[in-house]
A.B. asks: 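The structure under discussion is supplied below as structure tokens; questions concerning it will follow.
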Amino acid sequence: DPNVGIVTVPDQRLIKLEEIYLPEETKPATYEFVDIAGIVKGASVGEGLGNKFLSHIREVDAVIHVVRCFEDKDIIHVEGNIDPIRDIEIINLELAMSDMEIVQNRLDKITKKAQTSNDKVALKEVDLLNRCKNILVSGKALREEEFSEEELETLKVFNFITLKPMIYLANMTDADLVTGNTTYLDQVKEYASKTNETVIPMCAKIESELVELEDSEKKVFLSELGIEESGLDKLISETYRILGLSTFFTVGSDEVRAWTFKQGMKAPECAGIIHTDFQKGFIKAEVMSYNDLIECGSELKVKEAGKARLEGKDYLMQDGDICYFRFNVTK
């Protein structure tokens, strides 16, 4: 079974809000990482419990591929030697073959029926799946191609793994990360650049040590190593970017809290993240921006400056919005 880890999203804005409101409790946004066991060659046809692991990957929003980029004679490699590009290509092939199986099964099921009935919707789906099949056969991931919003909606039900955003996480030794010995890392970066995917260098050993430290101690530890930001923080920032995520805040003397939302969501949908009743009975949202609050110094001064707003159901939420939601639910 996969291991699930919940991590807090680093956000310096919360510290400032805490200083202003002095709340009883401060709650950062959280992030869920699903650690899925390594896939071996042949996973798409069931090797190494591959089908079970692949089914877990289908449930996530983005895939982080941890790539071994270090030598250590005490830690064996399933393929016998260190070659990050070979490892990446093995996994990518297995993911593509797994998607191909789903495409082919669906085509086998609906093609004849669609042609016989001349159903326009079904025929459109057949054309789209044949296009996906050709992409996968050519050795590409589905995410490398452009699909319309309507096409993406059709494909959503299949949970294709190669359609999900991908980040390569280069696991290095602490010495290589600090000294900049990046032979393997450079290979991965060159490979990923061909498909415009991100590579994040990280040392799992350093990250495991950071977990045991307080925030103030983490800064000192990283500073002594000459590292500005932990690998985990970089990873969270990048996953926010590729998934189109942002943060809004709710504030008060009882609680200051960060909430994650998807860019393009409107005020009622964001209210629903807090509680479904907030969305059902949404009336208005009192909104001010974090930057305006910091610039003015207090809520009162934000209002005096005319920078506090009442927004309705069509308001597109922005990163850094501080909100009070007005709602009414009749029983």
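Throughout, residue positions are numbered sequentially from 1 according to the sequence presented.
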A.B. asks: For Y168, does its backbone N or O pair with a side-chain atom of E197 as donor and acceptor, under 3.5 Å?
C.D. replies: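 Side chain of E197 to backbone of Y168: no pair is present.
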A.B. asks: Tell me whether V103 shares a hydrophobic cluster with L128, the cluster being built from Ile, Leu, Val, Met, Phe, Trp, Tyr side chains joined at under 4.5 Å.
C.D. replies: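 Per the 4.5 Å side-chain linkage, V103 and L128 are co-clustered.
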A.B. asks: Less than 4.5 Å apart, side chain to side chain, heavy atoms only: is that true for E18 and V256?
C.D. replies: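 A side-chain contact under 4.5 Å is absent here.
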A.B. asks: Would you give the length of the straight line joining atom CD1 of I82 to atom OG1 of T183, rounded to the nearest 0.5 angstrom?
C.D. replies: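 Reported value, rounded in 0.5 Å steps: 13.0 Å.
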A.B. asks: Could you walk me through whether L129 and T154 satisfy the side-chain contact (heavy atoms from CB on, under 4.5 Å) test, starting with their C-alpha distance in whole Å, then the side-chain angles of each, then the deciding distance to 0.1 Å, before giving a yes or no?
C.D. replies: CA-CA 10 Å; L129 289 173; T154 302; over 6 Å; no
A.B. asks: Could you pull out the closest heavy-atom pair between P84 and R68, with the gap in Å?
C.D. replies: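 What the structure gives for the nearest pair is CB-O, 3.9 Å.
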A.B. asks: More than 12 heavy atoms of other residues, nucleotides or ligands under 6.0 Å from CD of E228: is that the case?
C.D. replies: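 No - once you tally the heavy atoms of other residues, nucleotides and ligands closer than 6.0 Å, there are 12 at most.
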A.B. asks: The test is side-chain contact (heavy atoms from CB on, under 4.5 Å); show your working for V251 and Y324 and say whether it passes.
C.D. replies: CA-CA 8 Å; V251 295; Y324 295 96; 3.5 Å; yes
A.B. asks: For a 4.5 angstrom cut-off between non-hydrogen side-chain atoms, does E286 reach R326?
C.D. replies: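 Heavy-atom side-chain distance check passes, below 4.5 Å.
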A.B. asks: Quick one: do R86 and E89 make a salt bridge, cutoff under 4.0 Å?
C.D. replies: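 No, no charged N to carboxylate O under 4.0 Å.
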A.B. asks: Taking all non-hydrogen atoms of both residues into account, name the closest pair between K313 and P268 and its distance.
C.D. replies: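 Taking every non-hydrogen atom into account, O-CD, 3.3 Å.
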A.B. asks: Hey, any chance V67 and L185 share a hydrophobic cluster, counting ILVMFWY side chains that come within less than 4.5 Å of each other, even indirectly?
C.D. replies: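 Yes; tracing contacts between hydrophobic side chains, which count when under 4.5 Å, links both residues.
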A.B. asks: Can you tell me if E269 uses its side chain to pair, donor with acceptor, with the backbone of K266 under 3.5 Å?
C.D. replies: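 Yes; judged by distance alone, with no hydrogens or angles, the pair exists.
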A.B. asks: Between S216 and E214, do the side chains contain an N or O donor and an N or O acceptor separated by less than 3.5 Å?
C.D. replies: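 Judged by distance alone, the side chains do not pair up.
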A.B. asks: Should the heavy atoms of other residues, nucleotides or ligands under 6.0 Å from NZ of K133 be counted, would the total exceed 12?
C.D. replies: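 No - once you tally the heavy atoms of other residues, nucleotides and ligands closer than 6.0 Å, there are 12 at most.
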A.B. asks: In terms of hydrophobic clusters joined by side-chain contacts under 4.5 Å, are I90 and M100 together?
C.D. replies: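 The answer is no; the residues belong to distinct hydrophobic clusters.
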A.B. asks: Counting the benzene-type ring for Trp, do F158 and F160 have ring centres under 6.0 Å apart?
C.D. replies: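 Close enough - the centres of the two rings lie under 6.0 Å apart.
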A.B. asks: Determine yes or no for a side-chain-to-main-chain donor-acceptor pair under 3.5 angstrom, with E32 supplying the side chain and I6 the backbone.
C.D. replies: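 No: the side chain of E32 does not pair with the backbone of I6.
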A.B. asks: Within the structure provided, determine whether M317 and C323 are in side-chain contact (heavy-atom separation under 4.5 Å).
C.D. replies: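 In contact.
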A.B. asks: For the backbone of L316 and the side chain of Q318, can you confirm whether one donor and one acceptor N or O come within less than 3.5 Å of each other?
C.D. replies: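 Such a contact is found between Q318 side chain and L316 backbone.
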A.B. asks: With distance as the sole test, does D319 use its side chain to make a donor-acceptor pair with the main-chain N or O of T247 at under 3.5 Å?
C.D. replies: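 Present.
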A.B. asks: Just verifying a value: how many Å separate L14 CG and T8 OG1, rounded to the nearest 0.5 Å?
C.D. replies: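 So the CG of L14 and the OG1 of T8 are separated by 9.5 Å.
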A.B. asks: I'd like to know if the side chain of Y315 pairs up with that of D321 as donor and acceptor (distance under 3.5 Å, no hydrogens or angles considered).
C.D. replies: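 A donor-acceptor contact under 3.5 Å links the two side chains.
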A.B. asks: Should we say atom NZ of K140 is surrounded by more than 12 heavy atoms from elsewhere, each under 6.0 Å from it?
C.D. replies: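 Open.
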A.B. asks: Could you state whether F249 and I15 fall into the same hydrophobic cluster, counting links through intermediate Ile, Leu, Val, Met, Phe, Trp or Tyr residues with side-chain heavy atoms under 4.5 angstrom apart?
C.D. replies: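 No, F249 does not connect to I15 through the hydrophobic network.
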A.B. asks: Okay, side chain of S223, backbone of V220: is any donor-acceptor separation there less than 3.5 Å?
C.D. replies: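 No, because the side chain of S223 does not come within donor-acceptor range (under 3.5 Å) of the backbone of V220.
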A.B. asks: Give a yes or no answer on whether the side chain of K164 reaches the backbone of R58 with a donor-acceptor pair at less than 3.5 Å.
C.D. replies: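 Answer holds: yes.
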A.B. asks: Using side-chain heavy atoms (C-beta onward) and a distance below 4.5 Å, is F221 in contact with I206?
C.D. replies: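 They are in side-chain contact.
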A.B. asks: Please determine whether side-chain contact (heavy atoms from CB on, under 4.5 Å) holds for the pair L169 and H65, giving the CA-CA distance in whole Å, both sets of side-chain angles, and the decisive distance to 0.1 Å.
C.D. replies: CA-CA 6 Å; L169 191 64; H65 183 172; over 6 Å; no
A.B. asks: Please find the pair of heavy atoms, one from I200 and one from L235, that lie closest to each other, and give the distance.
C.D. replies: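 Nearest pair, atom of I200 first, then L235: CD1-CA, 3.5 Å.
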A.B. asks: A side-chain contact here means heavy atoms from C-beta on lying under 4.5 Å apart; do I274 and F327 qualify?
C.D. replies: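 No; the side chains remain at least 4.5 Å from each other.
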A.B. asks: Nearest 0.5 Å, what's the CZ-CG distance between F70 and D176?
C.D. replies: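 Nearest 0.5 Å value for the CZ-CG distance: 10.0 Å.
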A.B. asks: Counting neighbours of CD on E190 that are heavy atoms of other residues, nucleotides or ligands and sit closer than 6.0 Å, is the number greater than 12?
C.D. replies: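 No, the 6.0 Å shell around CD holds no more than 12 heavy atoms from other groups.
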A.B. asks: Any side-chain heavy-atom pair from R241 and T198 closer than 4.5 angstrom?
C.D. replies: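 Contact flag for R241/T198 side chains = yes.
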A.B. asks: Are P201 and T182 close enough that some pair of their side-chain heavy atoms sits under 4.5 Å apart?
C.D. replies: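 The answer is no, as the side chains (C-beta and beyond) never meet within the 4.5 Å cut-off.
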A.B. asks: Of the non-hydrogen atoms in L293 and L17, which two are nearest, and what is the gap between them?
C.D. replies: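 L293 and L17 have their closest heavy atoms at CD2-CD2, 3.5 Å.
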A.B. asks: Nearest 0.5 Å please: distance from the NZ atom of K219 over to the CG atom of L213.
C.D. replies: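 Rounded to the nearest 0.5 Å, the NZ-CG separation comes to 13.0 Å.
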A.B. asks: Using distance alone, with no hydrogens and no angle criterion, decide if Y240 and T260 have a side-chain donor and acceptor under 3.5 Å apart.
C.D. replies: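 Note: Y240 and T260 side chains meet the donor-acceptor criterion.
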A.B. asks: Using the rule that Ile, Leu, Val, Met, Phe, Trp and Tyr join whenever any side-chain heavy atoms are under 4.5 Å apart, tell me whether Y290 and F325 fall into a single cluster.
C.D. replies: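 In one cluster: no.
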A.B. asks: Taking T162 for the side chain and L142 for the main chain, is one N or O donor matched with an acceptor at less than 3.5 Å?
C.D. replies: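 Yes, because the side chain of T162 sits within donor-acceptor range (under 3.5 Å) of the backbone of L142.
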A.B. asks: When rounded to the nearest 0.5 angstrom, what is the spacing between CH2 in W259 and OG1 in T30?
C.D. replies: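 Rounded to the nearest 0.5 Å, the CH2-OG1 separation comes out at 9.5 Å.
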A.B. asks: Kindly indicate whether the side chain of M265, heavy atoms from C-beta on, has any atom under 4.5 Å from the side chain of I273.
C.D. replies: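 Yes, close enough: below the 4.5 Å cut-off.
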A.B. asks: To the nearest 0.5 Å, tell me how far L152 CG sits from L163 CG.
C.D. replies: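 Answer rounded to 0.5 Å: 6.0 Å.
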A.B. asks: Locate the shortest heavy-atom distance separating D292 from V302; write the atom from each residue and the value.
C.D. replies: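 Nearest heavy atoms, D292 then V302: O-CG2, 3.7 Å.
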A.B. asks: Please find the pair of heavy atoms, one from G312 and one from A267, that lie closest to each other, and give the distance.
C.D. replies: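 Residues G312 and A267, closest heavy atoms: O-CB, 3.9 Å.
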A.B. asks: With no hydrogens and no angle check, is any side-chain donor or acceptor of N171 less than 3.5 Å from a backbone partner on A204?
C.D. replies: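 Checked: pair present.
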